[in-house]
**Q** 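Below is one structure. I have some questions about it.
Computed from a predicted structure; not experimentally measured. Every number for a ligand or one of its atoms is a count from 1 in the order of the listing. When reading the values below, keep in mind they use all heavy atoms of this one structure, side chains included, and skip hydrogens, waters and symmetry mates.
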Amino acid sequence: HADAAMYSAKELGRNNFRFFTPALNETAQSRLETENSLRRALAKNEFVIHYQPVISLLSREIVGVEALVRWQHPRKGLLMPSSFIPVAEDTGLIIPIGEWVLRSACNQVRSWQKSGYPLRVAVNLSARQFRQPQLTETIRAVLLETSLIPESLEVEITESIAAEDLNVTISILRSLKDMGIRISIDDFGTGFSSLSYLRRFPIDTLKIDKSFVADILPRRDEEIVTAIINLAQTLKLKVIAEGVETREQLNFLAEKHCDEIQGYFFCRPLPQHELQPYLACHPLNPKA
Ligand code: C2E
Ligand code: MG
Ligand code: MG
Ligand code: MG
């Protein structure tokens, strides 16, 4: 920046974008730092998984959990995925991080199953993971290692990941389905997938994005949520609403025969040691 200061404004002419260089450097610098610290975090085992229960509206039982990654940063505290997943995706570090999440979550849920809770587990896949050629092999190996049956694992991809390169998407989805695992389309309604392709996807579940669920308010039309539930029923897919925060939302979804719900109204994502007692004493627990 000292250099930049030595040029007169005239010399810089139209190239006065130079004045922004320090700011750009800062961004690049901070991404590089994040990348390096993500590498260290992996090596030092600083990632943790929080589990959010998924509840069946029909049986009122906890039928599964979604695995949501966090970074227990030594100085900055608990970091949410939005603060590090994008850098992990750009740098490719999402591949080892995602594999760690998959293995840990399968392991944990297998252990809950052994203690008598018939739960399934949902794991989020990023675009890069989904298109990685070793994906099915990795999943197969993790299932073998953890002795989790494929039917207990659900992978979530977003609608925008699925909408990219449809023929490739369909063949990846087929190979996952052939293994026996389940597939959900996450954040449904926010992407641009064509409905005719949706019909060709070998998927099991639509997850209604929480922004639509947030629109369910007393005495208001909730057309989008209703339309997605109807669409799922027409296509014979299961439908889950995420981000359920109020009783009104829960009642509305039950009335529309939404299959399952997830949200703060019922339970926030919890660390493994806090979810354990919750499973054991909650009235909606399958054992209760
Ligand atoms: P998502 O898969 O759509 O997960 C749902 C998000 O909604 C989670 O945010 C969850 O904590 C939050 N949530 C749950 N119930 C409520 C509610 O009632 N109200 C509101 N306002 N929010 C609720 P989180 O944990 O911050 O995760 C954000 C996103 O990060 C996830 O969205 C997912 O796309 C991504 N992500 C999380 N874990 C992983 C992972 O292991 N791998 C990859 N690739 N992505 C992940
Ligand atoms: Mg998800
Ligand atoms: Mg979502
Ligand atoms: Mg998402």
**Q** Which pairs count as side-chain hydrogen bond (donor to acceptor under 3.5 Å, both in side chains) when at least one residue sits in residues 258-271, sequence neighbours excluded?
**A**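 As it turns out, the side-chain hydrogen bond (donor to acceptor under 3.5 Å, both in side chains) pairs with a partner in residues 258-271, which skip direct neighbours, are Gln52-Gln262, Glu66-Gln262, Arg120-Glu260, Lys207-Gln262.
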**Q** Who pairs with Arg174 by side-chain hydrogen bond (donor to acceptor under 3.5 Å, both in side chains), at least two apart in sequence or on another chain?
**A** none
**Q** Is it true that Glu89 lies under 4.0 Å from ligand 1, counting heavy atoms only?
**A**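 It does not, in that no heavy atom of Glu89 comes within the 4.0 Å cut-off of ligand 1.
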**Q** Quick one: do the Arg182 and Ser152 side chains pair a donor with an acceptor below 3.5 Å?
**A**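 Arg182 vs Ser152: no donor-acceptor pair found between side chains.
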**Q** Which ligand 1 atoms does Gln52 reach within 4.0 Å, using its non-hydrogen atoms?
**A** 14 (C), 15 (N)
**Q** Please could you name the atoms of ligand 1 that Gly243 approaches to less than 4.0 Å, counting only its heavy atoms?
**A** 16 (C), 17 (C), 18 (O), 19 (N)
**Q** If you measure from each heavy atom of Pro269 to ligand 1, is any distance below 4.0 Å?
**A** yes
**Q** Ligand 1 versus Arg70, non-hydrogen atoms closer than 4.0 Å: side chain, backbone, both, neither?
**A**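 Arg70 to ligand 1: side-chain contact only, backbone stays beyond 4.0 Å.
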**Q** Counting only heavy atoms not in Leu58, do more than 12 fall under 6.0 Å of its CG?
**A** no
**Q** For ligand 1, which atoms sit closer than 4.0 Å to a heavy atom of Asp187?
**A** 3 (O)
**Q** Suppose I only count heavy atoms of Gly263 and a 4.0 Å limit; which atoms of ligand 1 are within that range?
**A** 15 (N), 18 (O)
**Q** Over 60° means perpendicular and under 30° means parallel, so tell me whether Phe47 and Phe84 are parallel, tilted or perpendicular.
**A**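 Ring orientation of Phe47 relative to Phe84: tilted.
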**Q** Would you please say whether a donor-acceptor pair under 3.5 Å links the side chains of Asp209 and Ser211?
**A**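 Judged by distance alone, the side chains do pair up.
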**Q** I need the minimum non-hydrogen distance between Ile185 and Ile203, along with the two atoms involved.
**A**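 Residues Ile185 and Ile203, closest heavy atoms: CG1-CD1, 3.5 Å.
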**Q** With a cut-off of 2.8 Å, does Glu156 put an N/O/S atom close enough to the Mg ion (ligand 3)?
**A**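 No, since none of the N, O or S atoms of Glu156 sits under 2.8 Å from the Mg ion (ligand 3).
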**Q** What does the angle at the Mg ion (ligand 2) come to, between atom OD2 of Asp186 and atom OD1 of Asn124, rounded to 10°?
**A**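 Approximately 80° at the metal, rounded to tens of degrees.
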**Q** Taking N or O atoms only and a 3.5 Å limit, does Tyr264 qualify as a polar contact for ligand 1?
**A** yes
**Q** With a cut-off of 2.8 Å, does Glu66 put an N/O/S atom close enough to the Mg ion (ligand 2)?
**A**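 Under 2.8 Å: Glu66 contacts the Mg ion (ligand 2) through an N, O or S atom.
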**Q** At less than 2.8 Å, would any N/O/S atom of Asp209, backbone or side chain, sit next to the Mg ion (ligand 3)?
**A** no
**Q** Among Asn124, Thr158, Leu102, Val244, which residue places a heavy atom closest to atom 46 (C) of ligand 1?
**A**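 Checking each option, the heavy atom nearest atom 46 (C) of ligand 1 is found in Asn124.
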**Q** Under 4.0 Å from a heavy atom of Gln129: which atoms of ligand 1 are those, numbered in the order shown and with their elements?
**A**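 Every atom of ligand 1 under 4.0 Å from some heavy atom of Gln129: 44 (N).
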**Q** Does Ser184 bring an N, O or S atom to within less than 2.8 Å of the Mg ion (ligand 2)?
**A**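 So Ser184 does not count as coordinating the Mg ion (ligand 2).
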**Q** Would you tell me which option among Ile157, Leu125, Val101 has the nearest heavy-atom contact to atom 41 (O) of ligand 1?
**A** Val101
**Q** Among Ala127, Ser104, Ser82, Ser126, which residue places a heavy atom closest to atom 44 (N) of ligand 1?
**A**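 Shortest heavy-atom distance from atom 44 (N) of ligand 1: Ser126.
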**Q** Quick test of your reading of the structure: of Asp186, Ile94, Val123, whose heavy atom lies closest to atom 2 (O) of ligand 1?
**A** Asp186
**Q** With nothing but distance in play, are any N or O atoms of Ala67 less than 3.5 Å from an N or O of ligand 1?
**A**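 Among all N and O atoms of Ala67, none is under 3.5 Å from an N or O of ligand 1.
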**Q** To check you understand the geometry: which heavy-atom pair defines the closest contact between Pro53 and Val65, and what is its length?
**A** CA-CG1, 4.1 Å
**Q** Hydrogens and angles aside, do Ser184 and Glu156 bring a side-chain donor and acceptor to less than 3.5 Å of each other?
**A**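 Ser184 vs Glu156: no donor-acceptor pair found between side chains.
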**Q** Kindly give the heavy-atom pair with the smallest separation between Ile161 and Leu125, and that separation in Å.
**A** CD1-O, 3.6 Å
**Q** Decide whether the shortest distance between a heavy atom of Gln262 and an atom of ligand 1 is less than 4.0 Å.
**A** no
**Q** Are the side chains of Glu245 and Val213 in touch, meaning some heavy atoms are under 4.5 Å apart?
**A**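 Glu245 vs Val213: side chains apart.
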**Q** Quick check on the Mg ion (ligand 2): does Asp187 put an N/O/S atom closer than 2.8 Å to it?
**A** no
**Q** Suppose we only allow N, O or S atoms; which atom of Glu242 ends up nearest to the Mg ion (ligand 3)?
**A** OE2
**Q** Suppose I only count heavy atoms of Met80 and a 4.0 Å limit; which atoms of ligand 1 are within that range?
**A**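 Here the atoms of ligand 1 in question are 26 (O).
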**Q** For a quick check under 3.5 Å, do Trp112 and Gln276 share a side-chain donor-acceptor pair by atom type?
**A** yes
**Q** Is the shortest distance from a heavy atom of His50 to ligand 1 less than 4.0 Å?
**A** no
**Q** Report the C-alpha distance between Glu159 and Thr190 in whole Å, list the side-chain angles of each, state the deciding distance to 0.1 Å, and finish with yes or no for side-chain hydrogen bond (donor to acceptor under 3.5 Å, both in side chains).
**A** CA-CA 7 Å; Glu159 197 183 353; Thr190 62; 4.5 Å; no
**Q** Is the shortest side-chain N to carboxylate O distance from Lys177 to Asp204 below 4.0 Å?
**A** yes
**Q** Is a salt bridge present between Glu35 and Arg39, judged by a nitrogen-to-oxygen distance below 4.0 Å?
**A** yes
**Q** Give a yes/no verdict on whether any heavy atom in Lys207 is under 4.0 Å from an atom of ligand 1.
**A** no
